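The structure displayed is predicted, hence computed values, not measured ones. Convention: sequence-line order gives letters A, B, ...; per-chain numbering from 1.
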Amino acid sequence: MTAEQMAEVLRNIARLLELKGENPFKIRAYTTGADVAENFSGDIVAKAKANDLGGIKGIGDALQQKLHELASTGKLEFYEKLKAEFGDGILELFEVQGLGAKKIAALFATLGVKSIADLRRVCESGEAAKLPGFGAKTAEKLLQGISFRESHAHEFRQEQVAPIVMGVLEMLRDHPDVSRVEVGGSYRRGKETVHDLDFLAASRRPKEVLEDFVHMPGVTQVLGHGETKASVVLDSGVQCDLRVVTNDEFACALVYFTGSKEHNIVLRSRALERGWSLNEYAFTPVANGNGKEPPKCMEEADVYRALDLEVVPPELRENTGEIEAAEEGRIPRLVELQNLRGCFHNHTVASDGAATLREMAEAAQEVGWQYLGIADHSKSSFQANGLNETRLAAQVEEIRKLNAEYEKEGFRIFAGSEVDILKDGALDFSDEVMAGLDYVVASVHNLFTLSEAEMTKRIIKAIENPYVTMLGHVTGRLLLSRPSYAVNIPEIIEAASANGTIIEINANPWRLDMDWRWWKMAKEKGVKCAINPDAHSTRGLQDVFFGARIARKGWLTREDVINCLPLGQVEQALRVKREGK
DNA sequence: GCCGTTTTCGGCCCGACTGTTTTCAGTCG
């Protein structure tokens, strides 16, 4: 049982209670409890087990008792009973865009809809459109929601698979028969979502390794189990494949299993040009080759060297120019997580965060950062308890006081705001108010259905405001959940370039926005990047891990990323745009 | 269901859009 799993149970209870038409405030109490459990700084699972949850705001008597039962037995009877009333499949209906509790309850009560499959049937048959409050357009939208969800089925975001990767790697590393191990595939290439996980191990006893692999904790299904490879499904639904090779084969196998397929095809054709064939195990001479001895490869670097290439970092292996760059010695030295000196775009309890200013600042210092930007929501984001001018001024005051305290430690909090971009591109705060801040992140939080032209114009207008330092989550997408709104990214990049506006990589694994595919273009136009965790808790700061991977995938170096600058230089950089120099 | 207190009940976050209606319910951020 993890904190995330406990939170998920509470969140599901809230949904089921909503279906029953329970008191909305009771429902909110469960949702709040879920947030608290997930963001708790400390071992909430251990506390729950020990029945030691007293005094945590948002977890009252009832939730304490339920979390204790859940943590100590792994089950919660209250939850099981609720699920039994509606069936297990009902919860997945909440994942369909445009479908909330009221509609689900109506579909359940009148048409017996209990799953996505049921929903599709009644939408296609026209039954759904006849329900009160429903219509033809509703049914059409729901079908679209289903197909969006389905086209992303069996895909997982980074934060869902990263802990699994760590766990499996650890298990294999500790195995007495394993000498080397790596994760390959799209995970290693740093893709924003993956559909399965590929592991590679070197061993002289593949049988023993595979035996332990298919019996590791969490395996619910063994899809295949042979002499050198096995494939399992974990309780999280993630498919994991393990391939075991010899130590001599490991390097070529790692290149092969890391891909991408397109990248590998180019490598193999380069091998043929040199008289060798390259497969997942080794280079071998071809029949009409030049007779040159095929190279022996112990490391990935040996494979690339044999092909007269610089080593290509896994993130770049998408056949989008990396081979040419490697041939000409132009592979950039990519930014690394350790290069970050701080970050911007973080929230506190003042808006919708879980930690106080001081807690966030101290967590940042623990990470080893020199600065932390605070950008709570602005007043138009009611749902997030956005700050008005008065509350913002009070926060700035508090930040100045804390800074006086932190100065001797060489740490600084930057006072900022995540200012809403309004419908016409105007900003939620006046220039005078923004001038009193150290920086501004401008973001879109509503009216997602504007036309591409309107949305682009709206965002560009914000970019042109001299007080807007950086643009937040440019497309508004939530990976595997909500597509981006319509917006013309090249025009946005052009405007950011012309105005010296920074574009963020929102490192929240649900967003990873702006997408890595655009960064090469942005970099060529001189646009700087900020890797921002959009943290809503102290733990959220760790999300820069995902952001740094995306920056690497976008070919960015430390020179391209503003928050690699040390404190003194970043202060200056923040002033550059507003002072027009 | 939680919180806080002018303690043991009363209040708990706001506004806009969509698609359904013909004044509003549901969903979303």
Side-chain angles (χ1 to χ4, degrees), chain A residues 9-11 13-37 53-67 76 78-79 82 93-109 123 128-145 347 349-352 376-388 391 418-424 428 443-451 454-455 458 472-473 475-478 481-485 506 508 510-511 513 534 536:
Chain A
V9 169
L10 295 182
R11 219 162 260 134
I13 289 175
R15 287 174 174 151
L16 294 167
L17 292 177
E18 231 181 325
L19 288 182
K20 286 168 74 89
E22 261 284 4
N23 175 358
F25 299 109
K26 185 193 274 195
I27 292 160
R28 188 186 301 167
Y30 277 97
T31 312
T32 309
D35 289 340
V36 171
L53 292 168
I56 301 174
K57 202 166 179 285
I59 312 273
D61 292 341
L63 263 62
Q64 283 179 42
Q65 188 271 319
K66 289 191 171 73
L67 290 178
L76 179 57
F78 177 71
Y79 177 46
L82 272 175
L93 290 172
F94 283 91
E95 290 162 23
V96 178
Q97 283 284 301
L99 205 50
K102 295 286 164 59
K103 285 203 168 92
I104 295 174
L107 289 161
F108 176 77
C123 284
K130 290 189 193 124
L131 293 183
F134 287 64
K137 274 196 177 170
T138 312
E140 180 53 35
K141 279 215 147 182
L142 291 178
L143 285 173
Q144 279 173 20
H347 299 267
V349 286
S351 64
D352 57 351
D376 270 314
H377 287 284
S378 62
K379 59 189 178 189
S380 286
S381 278
F382 302 100
Q383 82 285 349
N385 192 24
L387 280 65
N388 61 18
R391 294 179 60 217
E418 184 181 16
V419 180
D420 270 31
I421 301 175
L422 307 179
K423 181 174 184 179
D424 60 353
D428 204 16
S443 309
V444 166
H445 286 116
N446 64 1
L447 303 173
F448 290 178
T449 52
L450 294 184
S451 69
E454 282 176 298
M455 186 63 90
R458 174 188 187 187
H473 46 69
T475 75
R477 74 178 180 187
L478 296 177
S481 169
R482 181 181 72 195
S484 71
Y485 40 71
N506 190 299
N508 184 313
W510 284 74
R511 296 189 182 271
D513 185 12
D534 199 353
H536 285 70

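A heavy-atom distance below 4.5 Å is found between the side chains of A:L107 and A:L99. At a threshold of 4.5 Å between non-hydrogen side-chain atoms, the residues A:D534 and A:H347 count as touching. Side-chain contact between A:L16 and A:Y30: absent, with no pair of heavy atoms (C-beta onward) separated by less than 4.5 Å.
Taking atom CD of A:E95 as the reference point, atom C1' of B:dC28 lies 16 Å away to the nearest angstrom. Computed from coordinates, the A:Q383 CD to B:dT27 P distance equals 17 Å when rounded to whole Å. The CG atom of A:L131 sits 14 Å away from the C1' atom of B:dA25 (whole-angstrom rounding). At whole-Å resolution of the value, NZ in A:K141 and P in B:dA25 are 20 Å apart. As rounded to whole Å, 14 Å separates atom C1' of B:dC2 from atom CD of A:E22. Atom-to-atom, CD of A:Q144 to C1' of B:dT18 comes out at 13 Å; the value is rounded to the nearest Å. When the C1' atom of B:dA16 is taken as reference, atom CG of A:L422 falls 13 Å away, rounded to whole Å. Rounded to an integer number of Å, the gap from CG of A:L99 to P of B:dA25 is 19 Å.
The side chain of A:T138 places an N or O atom within less than 4.0 Å of a non-bridging phosphate oxygen (OP1 or OP2) of B:dT20. At B:dT20, none of the side-chain N or O atoms of A:K137 fall inside 4.0 Å of OP1 or OP2 (strictly under the cut-off). Between A:T32 and B:dC2, a side-chain N or O to OP1/OP2 separation shorter than 4.0 Å is absent.
Rounded to whole Å, the C1' atom of B:dG26 lies 13 Å from the corresponding atom of B:dT21. Between B:dT7 and B:dC2, the distance separating the two C1' atoms is 15 Å to the nearest Å. Across the P atoms, B:dT22 and B:dC17 are found 22 Å apart, a figure rounded to whole Å. Rounded to the nearest Å, the gap between the C1' atom of B:dT5 and that of B:dG11 is 12 Å. Taking atom P on both nucleotides, B:dT20 is separated from B:dT27 by 13 Å, rounded to a whole Å. Comparing B:dT8 with B:dG15, their C1' atoms are spaced 34 Å from each other, to the whole Å.
If A:K57 and A:H445 are placed on DNA chain B by their nearest nucleotide, the residue sitting closer to the 5' end is A:K57. Summary of the strand contacts: A:L63 and A:F94 both lie near DNA chain B, and taking for each the nucleotide with the nearest heavy atom, the more 5' one is attributed to A:L63.
Ring geometry, A:H377 versus A:H445: the interplanar angle exceeds 60°, so the pair is classed perpendicular (tilted spans 30 to 60°).
Closest to the side chain of A:T449, out of B:dC17, B:dG4, B:dG15, is B:dC17. The listed nucleotides are B:dC2, B:dG4, B:dC12; the one nearest the side chain of A:A29 is B:dC2. Looking at the side chain of A:K103, the nearest of the listed nucleotides B:dG1, B:dG15, B:dT27 is B:dT27. Of the candidate nucleotides B:dC17, B:dG19, B:dG1, B:dC17 has the atom lying nearest to any side-chain atom of A:L447. Between B:dG4, B:dG1, B:dT27, one nucleotide has an atom nearer to the side chain of A:K102 than all others, and that is B:dT27. For A:A62, taking side-chain heavy atoms from C-beta onward, the closest of the listed nucleotides B:dG4, B:dG1, B:dT18 is B:dG1.
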Can you list the steps and then say if A:S380 with A:D420 is a side chain to side chain donor-acceptor pair (under 3.5 Å)?
CA-CA 7 Å; A:S380 286; A:D420 270 31; 4.9 Å; no
side-chain contact (heavy atoms from CB on, under 4.5 Å) for A:V36 and A:K57? Distances and angles first, verdict last.
CA-CA 8 Å; A:V36 171; A:K57 202 166 179 285; over 6 Å; no
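Cation-pi geometry between A:K66 and A:Y79 is not satisfied (NZ or CZ under 6.0 Å from the ring centre, within 45° of the ring normal).
Counting any heavy atom pair closer than 4.0 Å across all strands shown, A:D61 reaches sugar-phosphate atoms only and no base atom. Nucleic acid contact class of A:Q97 (heavy atoms, under 4.0 Å, all strands): sugar-phosphate only. Among the atoms of the strands shown, only primed sugar atoms or phosphate atoms (P, OP1, OP2) are found under 4.0 Å from some heavy atom of A:A101. Within 4.0 Å of A:A136, counting heavy atoms only, lie sugar-phosphate atoms of the nucleic acid but no base atom.
Residue-to-nucleotide contacts include no donor-acceptor pair under 3.5 Å from the side chain of A:N446 to the base of B:dG15.
Stacking between A:F382 and the base of B:dC14 is absent under the criterion of ring centres within 5.5 Å and planes under 30 degrees.
Across every strand in view, B:dG1 sits in a pair with B:dC12 that passes the Watson-Crick or G-U test at under 3.5 angstrom.
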